[in-house]
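A quick write-up on the structure given underneath.
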Amino acid sequence: MFRVECRQPVPQAGVEIFELLSDGLPDRVILWSEIDVEARGVQRGRDREHADVAVDDGAGPDAGVQLPNGGRPRNRKSRRGPQRRDARTHHEQDHISPCRNCAWLGLGARMTTPYIEDIGSHVGGEVTVRCWLHNKRSSGKLRFLIVRDGTGYLQAVVFKKSVPEATFAAAGELTHESSLTITGTVRADERAPGGYEMSVTAIEPLQIIPPEDAFPITPKGHGVEFLMDKRHLWLRSTRQRAILRIRHEVVRAAREFLDDDGFTLCDTPILTPAACEGTTTLFPVDYFEEEAFLTQSGQLYSEATAMALGRVYNFGPTFRAEKSKTRRHLTEFWMVEPEVAYATVDDVMDLAERFVTHIVGRVLERRLDELKTLERDPAPLEAVAPPFPRIAYDEALDILRTKGSDIEWGGDFGGGDETLLSEAFDRPVIVHRYPSSIKAFYMEPDPERPEVALCLDVLAPEGYGEIIGGGQRTSSYALLAQRLDEHGLDREVFDWYLDLRKFGSVPHGGFGMGVERVVAWICGLDHVRETIPFPRMLYRLRP
RNA sequence: UCCUCAGUAGCUCAAUGGUAGAGCAUUCGGCUGUUAACCGAAGGGUUGUAGGUUCGAGUCCUACCUGAGGAGCCA
């Protein structure tokens, strides 16, 4: 037995490992578990030629390798030059596995450390999986280990008669969420969850969690408070992983849509000198003895970048210090905000409609497995297609009144009103032209009805409520200045914003979409707190 | 800030004002195909905190603390 050890810096050693394999050990696969942990990190280097790995047989540094056939590898110096290229060619010919991880290691199919999601391309071969123990079932002389590596679950079977006693014992000592590498032959087996199973030949525990201080999250139920306190560990559950993958898909789809539609990403500052809208509470920050605030929207700045680049968006965190304690609120959340020069309110509605449709479509296309994990019925999502119903605020009031609401004209919708409205349609509904009095100072009034604003909200179906808010912005300098005064906002603070109306003002508009609310809706969750890895809420700053 | 509900074993929950219980987790034993495995046994408690009523309080009362849901406000 030998091991391969990492020691820096030893140039070209990554190639040496490969040559060692082909020269001295034609039928021998070096198992991942036989490679020192330090070497693994280096193996991940992008440039294989400069991977820093030396070879050691355990007798000491630079002692060389004692091969089973009695041969020794040539010393390191003699292995530079053309031979290296030969080895690489050999490697490329040898490399037949479609497994991305094995290709990435640069060691072809000989050294197989696949991710579980790729395990199907290794049937019949011996592989090593680097993982955590998800669950364990024992049946006397037979032990089932269900392991996870972040990409999936794999059932590994340890037969007492087929492995050394120590290996069988090691399988027994592993505890829930202990880390390990596990080696064995991959088989297709219908009895195993996922359809593939490993017959184990070797187990190497990395860290065994002691039973007296066991992993706190058990397979059975827990309360919200407990899980939130253990959020850093809760993330390892199947359900949380599915949600975060869908969140990733939502973000990716949003950016993909805007990038492909000619938008330029122009991120806006997090630290701001004043309220963007002046209506909600802000988190104050000491900015070198000046008071600053965490942003609650990048919109005003995006209006500036839109005047420079035409179509822009910003994508970042936003902060609201509201004492809201509901299933729809976080104090820190992510928002994507497109802004378009020369856009009218109708253009913004068109954009919002195409945007939401694209995002939902991508999730259905790429994350159906995760939706299934969440037991989310995809049917309501499949109905999401243009055109979305567009109703004016006045019509919305009529609908609400038929459904029993006693809302007066001029009032904003409460959570219950939003639920009532969205339940009236099978897809997202756009409500436009709210009374100016309940909207922000920068909303453009409707020229035909100045008491309403050219604004819009998109309400998600199934009672999920507002996921998008936006509209057309005031383009007149005089009107904007007047509105600032009416809202009690300081003109000097907004002088740069007023400049946008002073130097080539044009009609323009955009919207902001709350990522967490969209994810909650798509996943069918009853609370936004699970849609972000570490939610920040009223009374919840840790972990 | 206001309203409602909850706090009992590591976790999820029971317990008419009268001996503090179960499942999961943990430990030990059994089982060669388990699917949140199963079977048997064991350990594990200042019932959120402080007062009060009562012969007697997990249970009733008061205050406080913590959490959850909602209102307002918002994406």
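Lettering of chains follows the sequences in order, A, B, ..., and the numbering in each one begins at 1.
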Given atom NZ of A/Lys230 and atom C1' of B/G67, what is their separation to the nearest angstrom?
15 Å

Between the side chains of A/Gln299 and A/Glu339, is a donor N or O closer than 3.5 angstrom to an acceptor N or O?
no

On the nucleotide B/A68, are OP1 or OP2 found under 4.0 Å from the side-chain N or O atoms that A/Lys325 carries?
yes

Would you measure the distance from the P atom in B/A42 across to the matching atom in B/C5 and give it in whole Å?
41 Å

Start with the C-alpha distance between A/Thr305 and A/Asn314, add both sets of side-chain angles, then the distance that settles side chain to side chain contact (heavy atoms under 4.5 Å, CB included), and finish with yes or no.
CA-CA 10 Å; A/Thr305 57; A/Asn314 74 76; over 6 Å; no

A/Asp412 near the nucleic acid: base, sugar-phosphate alone, or nothing, with a heavy-atom cut-off under 4.0 Å?
sugar-phosphate

Can you measure A/Leu459 atom CG to B/C74 atom C1' for me and round it to whole angstrom units?
13 Å

How about A/Phe263 and A/Phe315: are their ring centres within less than 6.0 Å of each other?
no

note: A/Arg540, atom CZ; B/G69, atom C1'; distance rounded to Å ~ 15 Å

Give A/His329 one of three labels, base, sugar-phosphate or nothing, depending on what nucleic acid heavy atoms sit under 4.0 Å from its own.
base

Among A/Asp446, A/Asp457, A/Asp412, find the residue that satisfies the salt bridge (Lys or Arg N to Asp or Glu O under 4.0 Å) test when tested with A/Lys439.
A/Asp457

Between B/U32 and B/U26, how far apart are the two C1' atoms, rounded to whole Å?
26 Å

Could you tell me the separation between the CD1 atom of A/Ile246 and the CZ atom of A/Arg362, rounded to the nearest 0.5 Å?
15.5 Å

For A/Glu516 and B/C74, what is the distance between atoms CD and C1' respectively, to the nearest whole Å?
14 Å

Could you list the residues that satisfy side chain to side chain donor-acceptor pair (under 3.5 Å) with A/Ser237, not counting sequence neighbours?
none

Measure CE/A/Met537 against C1'/B/A68 and give the value in whole Å, please.
10 Å

Regarding A/Phe333, tell me which of base, sugar-phosphate or nothing describes its non-hydrogen contacts under 4.0 Å with the strands shown.
base

Passes side chain to side chain contact (heavy atoms under 4.5 Å, CB included), A/Thr175 versus A/Phe215? Steps please.
CA-CA 8 Å; A/Thr175 49; A/Phe215 192 75; over 6 Å; no

Phosphate OP1/OP2 of B/U26: any A/His176 side-chain N/O under 4.0 Å:
no

Under a 4.0 Å heavy-atom cutoff, the residues of residues 132-147 of chain A touching RNA chain B are A/Asn135, A/Arg137, A/Ser138, A/Ser139, A/Gly140, A/Lys141, A/Leu142, A/Phe144

Would you kindly check if the NZ (Lys) or CZ (Arg) of A/Arg483 is within the cone defined by 45 degrees around the ring axis of A/Tyr442 and under 6.0 Å from the six-membered ring centre?
no

A/Met335 or A/Gly223, whichever maps to the more 5' nucleotide of RNA chain B
A/Gly223

B/U8 and B/C28, which share atom name P, separated by this distance in whole Å:
29 Å

From B/A68, B/C74, B/G72, nucleotide with atom closest to A/Glu418 side chain:
B/C74

In whole angstroms, how far is the C1' atom of B/G10 from the CD atom of A/Glu225?
14 Å

Ranking B/C73, B/A68, B/U12 by distance to the side chain of A/Ser324, first place goes to B/C73

For the aromatic rings, using the six-membered ring if either is Trp, is the centroid distance between A/Phe413 and A/Tyr434 under 6.0 Å?
yes

Could you give the CZ-to-P distance, from A/Arg327 to B/A75, as a whole number of Å?
19 Å

For A/Glu165, does the CD atom have more than 12 heavy-atom neighbours from other residues, nucleotides or ligands under 6.0 Å away?
no

Against the side chain of A/Lys323, the closest entry in B/G72, B/G33, B/C11 is B/G72

Separation of the C1' atoms in B/U54 and B/C61, to the nearest angstrom:
12 Å

Expressed as a whole number of Å, how far does the C1' atom of B/G52 sit from that of B/U66?
22 Å

So which nucleotide from B/C11, B/A75, B/U34 ends up closest to the side chain of A/Glu197?
B/U34

Integer angstrom distance from the C1' of B/G43 to that of B/G21:
16 Å

Would you indicate what A/Pro216 reaches in the nucleic acid, counting non-hydrogen atoms under 4.0 angstrom: base, sugar-phosphate, or nothing?
nothing

Could you give the distance separating B/G58 and B/U19 at their P atoms, to the nearest angstrom?
10 Å

Nearest whole Å is fine: how far is B/G70 C1' from A/Leu538 CG?
13 Å

Please map the stems of RNA chain B, keeping only stretches of three or more Watson-Crick or G-U wobble pairs with both distances under 3.5 angstrom.
B:1-7 with B:65-71, B:10-13 with B:21-24, B:26-30 with B:38-42, B:48-52 with B:60-64

For residues 519-529 of chain A, run the donor-acceptor check on the side chains, cut-off 3.5 Å, and write out each pair with its distance to 0.1 Å, sequence neighbours left out.
{"unit_1": "A/His527", "atom_1": "ND1", "unit_2": "A/Arg529", "atom_2": "N", "d": "2.9"}

Using atom C1' of each nucleotide, how far apart are B/G70 and B/C24 to the nearest Å?
32 Å

Side chain of A/Thr218: nearest nucleotide among B/C74, B/G69, B/A25?
B/A25

Over all strands shown, is A/Glu190 touching base, sugar-phosphate only, or nothing at heavy-atom distances under 4.0 angstrom?
nothing

Scan A/Val431, A/Asp426, A/Val429 and name whichever one has a side chain to side chain contact (heavy atoms under 4.5 Å, CB included) with A/Pro389.
A/Val429

On RNA chain B, nearest-nucleotide positions of A/Val515 versus A/Thr175: which is more 5'?
A/Thr175

Would you say the rings of A/Phe226 and A/Trp234 are close, in the sense that their centroids are separated by under 6.0 Å?
no

With a 3.5 Å cut-off and sequence neighbours excluded, list the donor-acceptor pairs that the side chains of residues 152-162 of chain A form with protein atoms.
{"unit_1": "A/Tyr153", "atom_1": "OH", "unit_2": "A/Thr238", "atom_2": "OG1", "d": "2.7"}
{"unit_1": "A/Gln155", "atom_1": "NE2", "unit_2": "A/Glu197", "atom_2": "OE2", "d": "2.9"}

Just to be sure I understand the geometry, which residues of residues 153-162 of chain A put a non-hydrogen atom under 4.0 Å away from RNA chain B?
A/Gln155, A/Phe159, A/Lys161

